[in-house]
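First listed ligand is number 1; within each ligand, the first listed atom is number 1. What you see is a predicted model, and the numbers here were worked out from it, not measured in a lab. In what follows, every heavy atom counts, from backbone to side chain, and hydrogens, waters and symmetry copies are set aside.
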Amino acid sequence: MNRIENLLAAMTVEEKIGQLNMVAAGYAVTGPVLASGTAEGIRAGRIGSLLNLWGAQEIHAMQKIAVEKTRLSIPLLAGFDVLHGHRTIFPIPLAEAASFEPRLWEASARAAAIEAAADGISMTFAPMLDIARDPRWGRIAEGAGEDPWVVTQFAIAKVRGFQGDGLPEGLASAGAVAATAKHFCAYGAALAGRDYASADVSERLLHEVYLPPFAAAVAAGCAAIMPAFNDIAGIPMTAHIPLLRDWLRREAGFDGVIVSDYNAVAELIRHGIACDLVEAAAAALRAGIDIDMMSGAYSQGLAPAIARGLVSIEAINAAVRRVLKLKERLGLFDDPYRRGSAGASAPGVSAAGRDLAREAGRRSIVLLANDHVLPLSPELRRIALIGPLADARADMLGPWAMAGNASDPVTIREGLAAALPDAEIVFAPGVTIAGEDTSGIAAAREICRDADLVLLCLGEAASMSGEAASRANPGLPGAQNALAEAIFELCKPVVVLISSGRPLMISTIAAKAQALVATWFLGVEAGNAIADVLTGTFNPTGRLPVTWPRDVGQVPIFFAERPSGRPADPDNHYTSKYLDMPIEPLFPFGHGLSYSRFGLSKPRINKKDFKRGDELTIEVDVINEGAAAGEETVFLFARDIVASVTRPLLELKGVGKIALAPGEGGTICFRLAAEALAFPGSDLQPVFEPGEFLLSAGPSADPHGLLTVKVRALPG
Ligand code: NOJ
């Protein structure tokens with residue numbers, strides 16, 4: 001018998017249940033705090049894994065108890081949310097998605113895993129794969145945006161990066177951590193954008209949009225999956241047999257660990273599908289939840305559930321087997337202390353980490369609009385730096401930066417000062433981020449009077465996005481609009497920088513600013529990355545991974561809409577539009593400017609007629625018509641014109657990038673398997689239907705900029 005079967009045979013029911021119990025060791029701003037009773041619980045075999053504890057010394061101390069003071073010496077898993085960097089905080093995932101660079105996504109996950117592992121951590125609750133089409137939902141910040149193709153690439157890159165793909169020892173490497181794809185699934189479809197609310201999405205939407213990124217994570221070898229807090233159409237995900245057992249385990253072939261979200265098993269009582277912890281534990285275990293994060297339902301409810309005949313010992317054994325297997329894959333049985341060294345000083349932000357953060361930061365910035373004011377002219381003598389985000393150090397970290405240090409980020413003010421040593425930069429915040437006090441606006445206006453240009457730094461506080469940070473009106477908070485109005489009245493050139501975890505409702509600002517830049521939350525190198533883009537040291541290349549609405553009344557909004565029988569027509573009242581607003585977003589998915597201009601050719605296709613098994617190659621010539629070297633991003637979309645099921649107007653099938661010197665031309669080549677044009681048929685099984693398709697290439701999802709060719713799928 002192997003190690004795991006030997007252990008299982010030796011374990012008592014209580015010890016088995018202990019392996020399924022994850023508890024929070026607690027954390028505080030200054031560092032980890034051990035919840036009382038944790039050490040005792042480990043010693044008694046009641047705790048199999050921890051979360052929220054970091055620091056090799058702290059984790060190794062707990063590990064020592066598990067390994068040396070328990071009957072079976074089973075090591076602990078140590079889980080932690082490493083969403084966008086661990087000590088070195090990188091751009092928030094939504095920002096990093098804007099780089100459209102899987103290579104970078106993987107590199108930042110790799111770097112984060114190395115730091116987390118050095119802190120003793122063996123498992124992260126990332127990547128977050130929730131497709132989000134509603135910026136009211138604060139957790140839009142944590143994922144890669146609205147599109148399943150993009151989120152799928154993001155999933156693969158992040159799993160590889162975290163789990164040390166390509167390292168000789170793989171997941172068992174001292175610098176690798178187990179990834180947890182979350183939140184399974186459709187959490188981003190929360191009712192009215194309200195976090196934790198119910199989601200009611202169709203089976204079709206699940207198969208077309210929400211499940212593919214998880215299928216990709218599983219195929220990439222993701223070690224764990226976390227179900228979402230919400231119910232889907234009445235079945236809470238923590239007890240969702242059709243999705244967890246039938247789809248995830250059986251269809252997608254996932255044999256890793258399913259770890260519940262925080263307290264989610266006990267919350268089955270509030271969802272109203274269990275009357276007590278015993279029923280809640282039974283419902284979760286039956287659906288395939290292996291680890292109960294923090295609810296105590298397994299530790300209190302599973303033994304009585306066996307006694308009541310609600311669960312079998314075989315189901316418990318299966319869950320324990322999966323948990324032990326993960327510990328084995330992580331190399332914890334062979335060396336429980338392989339991650340981090342208790343003697344070493346805590347890892348901090350390294351020079352290499354800063355370099356990567358700066359590169360990721362500048363590639364995440366999206367230049368939304370530019371009326372010839374950027375890059376900043378070297379002639380500028382006096383720049384007024386205004387706004388509450390200009391010097392907001394800690395906010396630059398963004399949400400979910402628990403091991404990040406609030407003093408690490410470079411502020412916008414510092415980044416600019418370093419980049420423009422000869423310019424006079426005068427600064428006034430004008431208002432606080434969310435306060436209503438307008439008394440500082442006059443002083444801010446005053447220092448703008450003699451300035452050649454104003455940089456207006458607006459946006460949200462980091463705490464306004466992320467978990468439990470839904471906003472019914474996700475615009476500029478507090479008195480920031482009043483500040484902006486007062487500055488625009490001066491008729492100076494104004495460049496507006498928006499720091500946020502979501503697209504903010506800023507139509508009025510966009511109409512008045514000479515330039516507008518989405519700078520999200522970029523992490524420790526925020527100020528330097530922003531200065532690189534503003535000065536033109538780096539030619540912006542970021543593109544929106546989400547559609548940016550004009551107003552909250554347009555949400556949910558995304559490019560892959562299905563056709564209406566009455567498409568919008570301004571001359572026809574009875575068509576699909578608003579009476580009070582255009583239906584077009586403020587900025588489409590994929591939008592983002594450069595300091596160069598690029599010309600694109602119509603796509604060239606290797607074959608106009610194709611059949612199943614064929615591969616299409618689609619070539620798009622790109623020429624840099626501008627005066628600066630730069631990178632162009634080209635999106636490839638498909639539309640199935642007539643099918644047995646109505647198909648989206650645009651479906652993303654590929655993204656290509658090319659770097660070109662001024663005047664230089666090159667070709668982006670997309671390879672598209674015919675099967676990539678299949679879709680879930682009326683029975684939700686993939687079908688490849690003969691008929692005509694449109695293939696369009698362009699710089700964004702704006703239909704006006706697309707170059708389109710028609711191809712035909714032949715029967716057979
Ligand atoms: C709740 C969040 O929903 C989840 O994303 C996170 O991983 C856990 N808390 C643990 O912190």
Side-chain angles (χ1 to χ4, degrees), residues 21-29 32-33 35 47 49-54 77-86 92-94 109 112-113 116 119 121-132 137-144 151 154-155 158-159 162 177-190 193-199 213-214 217 222-231 236-238 256-268 270-271 284 289-297 398-404 463 465-470 501:
N21 188 29
M22 175 181 270
V23 306
Y27 64 90
V29 180
V33 180
I47 295 172
S49 43
L50 299 175
L51 83 147
N52 283 354
L53 184 65
W54 79 97
L77 275 179
F80 200 76
D81 290 277
V82 184
L83 264 293
H84 54 110
H86 181 63
I92 56 167
L94 186 64
D119 250 342
I121 290 158
S122 48
M123 176 182 205
T124 176
F125 308 122
M128 197 273 215
L129 304 180
D130 293 313
I131 284 166
W137 192 55
R139 301 200 82 170
I140 192 172
E142 295 175 49
V151 179
F154 190 80
K158 289 296 180 192
V159 169
F162 284 131
V177 296
T180 307
K182 69 184 189 184
H183 307 84
F184 183 75
C185 66
Y187 183 34
R194 205 164 6 94
D195 206 6
Y196 315 125
S198 175
F214 287 95
C222 189
I225 304 263
M226 181 190 291
F229 279 126
N230 54 283
D231 74 285
M237 280 312 305
T238 307
V257 163
I258 301 183
V259 51
S260 84
D261 205 339
Y262 201 102
N263 199 41
V265 179
E267 286 170 21
L268 291 174
R270 290 240 175 92
H271 276 286
I289 308 284
D290 300 315
I291 295 182
D292 170 3
M293 182 193 285
M294 228 10 225
S295 89
W400 285 115
M402 289 195 298
S463 60
S465 62
E467 188 177 347
S470 296

| Check: L51 and F125 side chains under 4.5 Å, non-hydrogen atoms | yes
| note | Value for NE2 (H86) from CG (D81), rounded to nearest 0.5 Å, stands at 11.0 Å
| Donor-acceptor contact below 3.5 Å, side chain K158 vs main chain A126 | no
| So, D195 and S470: side-chain donor and acceptor under 3.5 Å apart, yes or no? | no
| field | Result of checking I258, D292, V265 against T238 for side chain to side chain contact (heavy atoms under 4.5 Å, CB included) | value | V265
| said: Let's go through V23 and M294 carefully: what are the C-alpha distance in whole Å and the side-chain angles of both, what is the deciding distance for side-chain contact (heavy atoms from CB on, under 4.5 Å) to 0.1 Å, and is it a yes or a no? | reply: CA-CA 5 Å; V23 306; M294 228 10 225; 4.1 Å; yes
| query | Measuring from each atom of ligand 1, which residues have a heavy atom under 4.0 Å away? | reply | L51, D81, F125, R139, K182, H183, M226, F229, D261, Y262, M293, W400, E467
